[in-house]
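Sequence lines set the chain letters: A, B, ... in the order given, protein chains first and strands last, and positions in each chain run from 1.
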Number of protein chains: 2
Amino acid sequence: MTKPRTRIQQKNHAVIMAAGLEVFSQYGFRGSTLDQVAEAAGLSKPNLLYYFPSKEAIYQGLLVELLENWLEPLHQLNPNGNPVEELLGYAQRKLAMSRDYPRESRLFATEILQGAPEIKPVLEGELRTLVKEKCKVIEGWIAAGQIRKVDPVHLIFSIWSLTQHYADFDVQVRAIMGERDPFASAAVHLEDLFRQMLTPT
Amino acid sequence: MTKPRTRIQQKNHAVIMAAGLEVFSQYGFRGSTLDQVAEAAGLSKPNLLYYFPSKEAIYQGLLVELLENWLEPLHQLNPNGNPVEELLGYAQRKLAMSRDYPRESRLFATEILQGAPEIKPVLEGELRTLVKEKCKVIEGWIAAGQIRKVDPVHLIFSIWSLTQHYADFDVQVRAIMGERDPFASAAVHLEDLFRQMLTPT
DNA sequence: CGTTCCTTTTACCAATTGGTCAAAAACAAA
DNA sequence: TTTGTTTTTGACCAATTGGTAAAAGGAACG
């Protein structure tokens, strides 16, 4: 928990986190081994444990770091902006995160799939509160006739699932699409989808 | 591979598959242990291995069984039906599968997350072909002006992600929604979403 | 140079892993 | 009841797991 001091500490700390992300995002916590992480980091296993007290500590460290960035885009949803553009922007930001940080998305997915043993409190606390707050905003937009009447919670779920899908199921997406870059065409498709769903008649 | 003969074999075969589904769908192949599966099945570990030659054999058996049911709903997309209703029906069927077979959905998700080592050939072969075929159908509907102009591949991805989300991220969904049944309201939301996206102006 | 701290390695450990084997137990057919 | 077959068990194994201890190697600094 103490902040790294020396350059070497700072560097290796980061190297291990990167390696842990690579490994844990593929196999989940239980499916990953310290040796895998060590090899990905280019360090020996005891050397890993010099920087982190345990396998779980690495995993927890990753989740903490992840959750900060994860909730950020939703925070940015501005109640005073143009509703359709705000929600479209949110979806765009989430899609960009799937493109630029697919391993983070997958790490989150494995944690949830395994029953969220580590972050369930965050889901039921911070996230739940944040979603409820933004749902109020969306309901306000609906009441004002600025967007179509949609279920706010499910709208948010829709944005999450549609965007994260391209990171979490990347292998499947590419198996079907072949060479083409999924994200370029996905951006176009999602913009059209959300605009159509949200724009009042 | 040989079919079970006696009643006991038939029963225990099924019991083991059920137990394997329960365990593998949570922790993935690598994160699960034979002891976990054995305990879930109420059998001893050596007894498991009397019915299946290895841990991997159980996992593969599950995937084979899964893939059959998994591709079925898309097969049912009828080129001669009413386009909007056909696609809506497909989405409904997929959502019902998320509700009734969430573990199957999660098993598929873990396999994909780990890079689809076992079923990649199926994705690049059978699934790819099937999707391409149905995309042709959808393109025909668009050309005939029966549905709005949407990217067929991404439309299919959208149906998959929006429906599977409620099974794969069940913990998160329930953490946010609390007591309420997610699937009832999700069905309403998704029907509205797809109708809005597909119905020609 | 020597000393002090930080870093890495070597050797090791107990527990768990997937899996084997032979013998015992349960069952079925006669 | 006897015999032959199927099912289950208990003891075991080599490999891998997360983790430790202690000593060796380095860098910094007077």
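DNA chain C is contacted by both T33(B) and N47(A); N47(A) maps to the nucleotide lying nearer its 5′ end (nearest heavy atom per residue). Of the two residues near DNA chain C, L34(B) and N12(A), the one whose nearest nucleotide lies more 5' is N12(A).
Of the side-chain N and O atoms in Q9(B), none sit less than 4.0 angstrom from OP1 or OP2 of dT6(D). OP1 or OP2 of dT7(C) has at least one side-chain nitrogen or oxygen of Y50(A) nearer than 4.0 Å.
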Atom pairs and distances, side-chain donor-acceptor, residues 132-139 of chain B, under 3.5 Å, sequence neighbours left out:
from    : atom 1 : to     : atom 2 : distance (Å)
K134(B) : NZ     : H75(B) : O      : 3.4
K134(B) : NZ     : L77(B) : O      : 3.0

For residues 111-127 of chain B, which side-chain N or O atoms pair as donor and acceptor with protein atoms under 3.5 Å away, sequence neighbours left out?
from    : atom 1 : to      : atom 2 : distance (Å)
E111(B) : OE1    : Y59(B)  : OH     : 2.5
E111(B) : OE2    : E118(B) : N      : 2.7
E111(B) : OE2    : I119(B) : N      : 3.2
E118(B) : OE2    : Q60(B)  : NE2    : 2.7

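At distances below 3.5 Å, at least one donor-acceptor pair connects side-chain atoms of R93(A) with backbone N or O atoms of P73(A).
Within residues 37-46 of chain B, the residues having any heavy atom under 4.0 Å from DNA chain D are, by residue number, S44(B), P46(B).
Counting heavy atoms from C-beta on, the side chains of F108(B) and S25(B) never come closer than 4.5 Å. The closest side-chain heavy-atom distance from K55(A) to F24(A) is below 4.5 Å.
Residue contacts for L49(B): at a heavy-atom cut-off of 4.0 Å it reaches a base atom on one of the strands shown. If you check every strand for non-hydrogen atoms under 4.0 Å, Y51(A) touches sugar and phosphate atoms only.
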